Number of protein chains: 2
Amino acid sequence: MGRTELRSELGQQLRVDAIRASDAGGSGHPTSSMSAADLMAVLLDGHLRYDFDRPGDPRNDHLVLSKGHASPLLYAAYKAAGAIDDAELLSFRKLGSRLQGHPTPAIPWVEFATGSLGQGLPLGVGLALTGKRLDRLPYRVWVLCGDSELAEGSVWEAFEHAGHERLENLTAILDVNRLGQRGPTRHEWDLDAYADRVRAFGWEAIEVDGHDVEAIDAAYEQAEHVSGRPAAVIAKTEKGRGVRAVENLEGFHGKPVKDAGEAIEELGGVRDLRATVAEPEGADRPHRFDGTGSQEPRYEVGEEVPTRQAYGEALAALGGRRPEVVALDGEVADSTHAYRFAEAHPERFFEMYIAEQLMVAAAVGMQSRGWKPYVATFAAFLSRAYDFIRMAAISEADLRLCGSHAGVAIGQDGPSQMGLEDLASLRAVHSSTVLYPCDANQTARLVEEMADRDGISYLRTSRGAMPVIYPPDERFPIGDSKLPRASDDDDVTLVGAGVTVHEALAAADVLAEDGITARVIDLYSVKPVDAEALTRAASETGAIVTVEDHWPEGGLGDAVLDTLAAADAGATVRKLAVRRMVGSGAPAELLREAGIDADAIAGAARAIAAHPAAAS
Amino acid sequence: MGRTELRSELGQQLRVDAIRASDAGGSGHPTSSMSAADLMAVLLDGHLRYDFDRPGDPRNDHLVLSKGHASPLLYAAYKAAGAIDDAELLSFRKLGSRLQGHPTPAIPWVEFATGSLGQGLPLGVGLALTGKRLDRLPYRVWVLCGDSELAEGSVWEAFEHAGHERLENLTAILDVNRLGQRGPTRHEWDLDAYADRVRAFGWEAIEVDGHDVEAIDAAYEQAEHVSGRPAAVIAKTEKGRGVRAVENLEGFHGKPVKDAGEAIEELGGVRDLRATVAEPEGADRPHRFDGTGSQEPRYEVGEEVPTRQAYGEALAALGGRRPEVVALDGEVADSTHAYRFAEAHPERFFEMYIAEQLMVAAAVGMQSRGWKPYVATFAAFLSRAYDFIRMAAISEADLRLCGSHAGVAIGQDGPSQMGLEDLASLRAVHSSTVLYPCDANQTARLVEEMADRDGISYLRTSRGAMPVIYPPDERFPIGDSKLPRASDDDDVTLVGAGVTVHEALAAADVLAEDGITARVIDLYSVKPVDAEALTRAASETGAIVTVEDHWPEGGLGDAVLDTLAAADAGATVRKLAVRRMVGSGAPAELLREAGIDADAIAGAARAIAAHPAAAS
């Protein structure tokens with residue numbers, strides 16, 4: 001069999017196997033797989049350089065299935081590559097199978113979970129940036145996109161950035177099958193519409209018949225040799241190609257083919273061809289930066305330092321000791337203080353401009369190659385990337401996020417700039433860690449702690465200067481808390497984090513004048529929380545006031561209540577949080593308006609300390 | 001003074017007033033205001049058709065300041081239009097002033113809060129769609145964008161949709177001042193880069209010197225007369241224009257000009273010119289659709305119906321009775337069942353393709369003109385629009401969101417498609433309502449309840465069929481709950497919503513066999529919650545199991561704990577929720593894997609009902 005014929009046959013095999021897998025699983029997306037089968041066959045047989053026995057080989061190309069619902073195609077390709085057997089292929093979508101409905105890194109050859117559309121190309125940009133600027137290896141990043149998902153703005157953030165960075169190691173394959181989930185796409189088979197757009201964004205555009213394996217081969221060849229810019233192979237294809245009952249017809253998205261036997265026969269029956277996957281080549285030692293050495297920042301007690309400044313200083317210092325640390329910022333590095341890292345380690349800093357989705361995706365790409373990215377923007381604007389953070393957790397990514405300008409304490413800029421839902425939204429991310437420091441030493445130590453933390457860790461920093469209350473040698477393990485004020489006979493406990501620790505300390509002073517002794521818990525680790533300190537406080541004081549610069553739902557107060565409930569630790573609890581939309585004003589004015597300043601805390605504490613409920 | 005000279009002088013006045021406001025406020029963005037001052041002067045004096053005395057006049061043009069940080073420019077324009085006086089201008093950013101750091105609808109002429117960049121153009125698309133397809137009035141939508149924010153993908157979702165819909169009533173003004181917050185933008189003054197991109201997306205591109213008032217006038221004129229497509233006026237400008245100390249220099253973003261007096265002198269001093277704002281013209285009666293009449297859907301007890309189907313059926317019926325109801329969907333209308341509305345009311349249905357940010361923004365635009373948008377996609381993918389939802393709350397928008405395919409109960413599609421953080425993230429939105437029905441009648445009634453609900457309301461629907469347990473005439477007020485199972489001597493309370501109500505009912509059956517009588521609370525209104533039913537259950541049963549198809553943080557369980565704590569209602573509470581990342585599997589298998597099925601509930605209930613803590 002000549003190579004052209006073999007590739008055609010391989011395409012048919014991928015179709016057949018996609019149909020068989022979906023049929024066995026009872027659900028899935030065979031028609032979306034069939035449109036891209038020839039594109040995948042040619043990629044697998046001759047273009048993708050990959051060692052399936054060594055998925056961690058740094059020389060390997062990268063294949064990202066952005067249209068994750070076409071997972072049967074990907075799994076069929078794994079079978080054709082000899083990576084899985086037929087029995088496993090048919091375990092598709094069954095409990096315990098690693099071949100899930102949409103790909104996840106439960107499979108060793110999958111780097112990222114996909115299935116939320118529009119994420120593959122941004123992830124691919126992260127890998128391509130890594131190949132070019134960090135690893136400095138010649139691997140190529142192939143991203144197979146659907147046409148429907150090109151409506152996602154995140155894809156255009158990726159096209160823009162890749163064009164601007166001239167990522168010639170990145171190839172996007174656009175499977176233009178004309179039909180989205182519920183009907184025709186915006187541009188249907190107007191390939192020029194896509195070509196015009198990607199060219200305007202600085203890409204090479206290569207239009208091709210996506211069912212002509214020779215033409216596809218030539219298109220990939222061309223993409224591999226484009227110089228100085230990324231290339232998009234824009235392929236005209238048919239959804240459900242090869243099976244008359246579904247080919248180019250609406251109404252067959254995400255459904256197994258009804259008569260699988262007939263469809264398989266129409267496609268020429270079951271085959272067991274093996275693709276000849278090209279071996280990776282070239283140097284196998286990724287570039288490593290030299291450690292420059294550096295001193296951890298240390299702050300004197302009483303100094304007034306914004307925690308965002310400590311983030312930047314600690315990160316710059318960490319970068320000196322840990323050459324695998326990289327930093328990304330969304331064009332606000334002067335505000336988040338990430339600029340300090342950029343100045344110290346310009347080669348490891350990535351300006352992602354105001355494109356938070358791309359920024360998070362790029363970081364996910366970098367960490368998959370072993371780098372340790374820290375990602376910063378305003379806490380409020382991380383909400384822009386929430387779906388990407390959610391998916392990063394499914395990708396089992398280790399990601400470090402910093403959100404600055406938390407809460408009403410930012411003052412004059414007003415509510416659009418106030419991160420007030422970040423604790424809730426990021427606590428509700430699987431595997432997440434949520435940290436909220438109140439002074440510069442604490443911030444610096446937590447930045448260091450994050451470096452070796454698995455999963456998604458989030459650090460919330462503040463705009464304004466706050467006094468340093470802990471000495472520079474103090475340690476702040478994740479999951480612990482601090483007691484900046486405590487005695488054996490406290491009448492009430494005040495639990496805060498960040499700016500509200502300072503308000504709580506001030507409240508404790510006020511309460512002391514009334515003869516009420518208040519314990520203050522600095523709950524800098526909001527997730528996981530220090531259950532022991534909280535339950536002890538409940539038992540010893542019987543009355544707890546929680547206070548947070550955040551909406552009332554899902555933040556620090558709820559973390560405390562959850563912990564007490566799980567431990568059956570009874571106590572009277574009052575939760576102070578921001579309960580009204582504030583406008584502009586001075587920080588102290590807004591803390592007062594929001595009812596989370598020292599006076600409000602003292603008032604709440606007085607009310608329950610005076611009439612404490614029976615302790616458990 | 002000739003008109004050209006007057007407009008030039010007006011531009012200088014806007015600069016001076018932006019400097020004065022920022023100086024008085026002690027913070028703000030004068031330099032970002034100064035670059036666009038001439039663009040604003042010409043717009044205000046002769047192009048914008050607007051009656052400042054009647055901001056609700058349906059004939060009015062719309063002006064969206066997408067670069068919301070340039071608020072001093074907007075406020076200076078209000079002064080030049082005679083809408084505010086100088087004293088108010090100087091109240092900028094002070095506590096209680098409606099002239100906040102970034103514009104909000106506290107000001108009658110501001111329709112949307114801006115300040116999270118990249119949102120103005122999507123909002124403008126919503127208004128332009130409204131003008132063209134709903135109101136059918138000839139008003140024009142002007143959106144003033146910064147250049148930095150063009151990195152946001154949401155902007156390209158808007159360019160794409162506006163081009164596709166041929167929104168000739170939309171004009172984007174791009175203030176290309178070359179400098180972002182922390183340095184040069186990607187394309188600096190490469191105006192062609194922007195022109196090429198917007199042309200590829202189907203727009204007319206008009207390049208202009210943004211400080212030449214005659215050229216600006218001609219450009220606006222041209223934009224007003226472009227036929228069949230939207231126009232972008234791409235203006236080359238200088239940040240800080242007119243003041244040597246800051247003009248076209250880095251490092252002066254977001255800072256008052258140091259020597260305001262000197263700067264004002266350099267600009268020719270304080271002026272008090274009045275712009276001649278053109279009057280709105282044309283018909284003042286927006287189009288109204290005829291009510292077609294329809295029957296509310298009714299389901300028989302015992303029928304098996306997915307709640308997403310009830311959403312579609314109820315919405316289609318509601319649309320028949322309420323001609324102001326419109327629906328938007330993110331290319332998944334066959335899954336969310338919004339297609340039923342599309343079929344019944346095609347003129348009021350908007351296919352927004354897979355662009356969730358744009359979809360939410362467009363809905364915010366529509367509601368600002370009095371329409372009642374319902375927005376649907378998978379619950380998981382609403383996370384894509386989280387920043388837009390957050391900002392919609394600041395815009396005081398009335399918005400109805402539906403997230404389908406909630407939780408692990410979706411089964412085989414796997415975690416990327418499971419909404420598992422939606423309750424937490426949407427509870428943590430200011431002014432939000434969160435609803436989670438368990439049967440079709442309940443869903444239908446809640447869809448109706450949402451129509452007259454202020455703020456952001458969210459309905460969580462499920463993929464699989466569930467038995468109808470409530471009769472069709474049952475009412476479900478927001479803030480209430482139901483007791484599908486209760487007696488006077490219950491031993492334990494099971495609190496669920498959606499799919500877990502059915503699991504809780506099954507658990508109650510199991511528990512009954514052990515002689516344990518369980519009360520079941522259907523907490524369909526997750527925010528606000530029915531505090532009375534919960535505190536009564538705490539007091540009467542002393543033991544509560546909450547169970548939710550959601551991560552443990554910030555969802556139903558935390559809502560219950562918060563309510564009990566606020567009421568000092570002591571009870572032993574166990575919170576069941578999804579605590580591990582599940583893969584694909586049958587729905588029942590995954591409920592079991594996640595530990596939220598009937599057996600898990602019964603087990604938890606048995607443990608605490610057997611040893612109930614003392615009730616309060």
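Please read these numbers as outputs of a predicted model, since none were measured by experiment.
Residue with the most contacts toward chain B among A/G585, A/G115, A/A559: A/G115 (heavy-atom pairs, distance under 4.5 Å). Of all the listed residues (A/H253, A/E157, A/E593), the one sharing the greatest number of non-hydrogen pairs under 4.5 Å with chain B is A/E157. Options B/R580, B/H550, B/H187 differ in how many heavy-atom pairs under 4.5 Å they form with chain A, and the most are formed by B/H187. Most heavy-atom pairs under 4.5 Å with chain A, from the set B/I354, B/L150, B/L426: that is B/I354. No other option in B/W156, B/F159, B/Y353 has as many heavy-atom pairs under 4.5 Å with chain A as B/Y353. For the options A/G583, A/G414, A/G554, heavy-atom pairs under 4.5 Å to chain B are most numerous at A/G583. Annotation: maximal heavy-atom pairing with chain B below 4.5 Å, among A/E421, A/E152, A/Q412, occurs at A/E152. Contact count against chain A (heavy-atom pairs under 4.5 Å) is highest for B/A380 among B/A380, B/G180, B/A424. Note: B/G153 leads B/A586, B/G153, B/G555 in heavy-atom pairs under 4.5 Å with chain A. If you tally non-hydrogen atom pairs under 4.5 Å between each of A/T104, A/L99, A/L117, A/V429 and chain B, the highest count goes to A/L117. Interface remark: of the candidates A/S383, A/A200, A/A158, A/S383 forms the most heavy-atom pairs closer than 4.5 Å to chain B. The residue among B/A195, B/G26, B/G557, B/S335 with the most heavy atom pairs within less than 4.5 Å of chain A is B/S335.
In this structure, no portion of B/F92 lies under 4.5 Å from any heavy atom of chain A. Contact of B/S116 with chain A is made through backbone and side chain together, with heavy-atom distances under 4.5 Å. Neither the backbone nor the side chain of B/L382 comes within less than 4.5 Å of any heavy atom in chain A. Contacts of A/Y339 with chain B are absent, with no heavy-atom separation under 4.5 Å from either backbone or side chain. A/R98 does not touch chain B: none of its heavy atoms, backbone or side chain, sits under 4.5 Å away. Only the side chain of B/H29 comes within contact range of chain A, with at least one heavy atom under 4.5 Å from a heavy atom of that chain. Heavy atoms closer than 4.5 Å to chain A are found in the backbone of B/K94, but not in its side chain. With a threshold of 4.5 angstrom between heavy atoms, A/T114 approaches chain B through N, CA, C or O but not through any side-chain atom. For a residue to count as touching a neighbouring chain, one of its non-hydrogen atoms must lie under 4.5 Å from one of that chain's; by this rule B/M359 does not touch chain A. Contacts of A/S148 with chain B are made by both backbone and side-chain atoms, with heavy-atom separations under 4.5 Å. At a 4.5 Å heavy-atom cutoff, the contact between B/P184 and chain A is made by backbone atoms alone. The part of A/L590 that comes within reach of chain B is its side chain, from C-beta onward, which places non-hydrogen atoms under 4.5 angstrom from that chain. Only the side chain of B/M391 comes within contact range of chain A, with at least one heavy atom under 4.5 Å from a heavy atom of that chain. Heavy-atom distances place both the backbone and the side chain of B/A355 under 4.5 Å from chain A. In this structure, no portion of B/E396 lies under 4.5 Å from any heavy atom of chain A. Contacts of A/A333 with chain B are made by both backbone and side-chain atoms, with heavy-atom separations under 4.5 Å.
Between A/D196 and B/R199 no salt bridge is recorded (no basic side-chain N to carboxylate O distance below 4.0 Å). A salt bridge links A/R574 and B/D568; the closest N-O separation between the charged side-chain nitrogens and carboxylate oxygens is under 4.0 Å. With respect to A/E160 and B/R197, a salt bridge is recorded, a charged nitrogen being found less than 4.0 Å from a carboxylate O.
Results of the side-chain contact (heavy atoms from CB on, under 4.5 Å) test with A/R182 over B/D334, B/T336, B/V332 single out B/D334 as the only residue that passes.
A distance-only check finds a donor-acceptor pair linking the side chain of B/H102 to the backbone of A/D413 [under 3.5 Å]. Between the side chain of A/R390 and the backbone N or O of B/S416, at least one donor-acceptor pair lies under 3.5 Å. In this structure a side-chain-to-backbone donor-acceptor pair under 3.5 Å is present from A/S584 to B/G101. Although no hydrogens or angles enter the test, the distance criterion places a donor-acceptor pair under 3.5 Å between the side chain of B/E331 and the main chain of A/Q181.
Taking B/E149 as the reference, nothing meets the salt bridge (charged side-chain N to carboxylate O under 4.0 Å, His left out) condition, with sequence neighbours excluded. Every residue meeting the salt bridge (charged side-chain N to carboxylate O under 4.0 Å, His left out) condition with A/K527, not counting sequence neighbours, appears here in chain and number order: B/E553.
Using a 4.5 Å cut-off on side-chain heavy atoms (C-beta onward), A/D558 and B/L561 make no contact. Side-chain contact between B/H161 and A/R186 is present, with at least one heavy-atom pair separated by less than 4.5 Å.
The aromatic rings of A/W551 and B/H430 sit parallel, their planes meeting at an angle under 30°, below the 60° perpendicular limit.
Figure legend: cation-pi geometry between B/R384 and A/Y386 absent, as NZ or CZ is not positioned both under 6.0 Å from the six-membered ring centre and within 45° of its axis.
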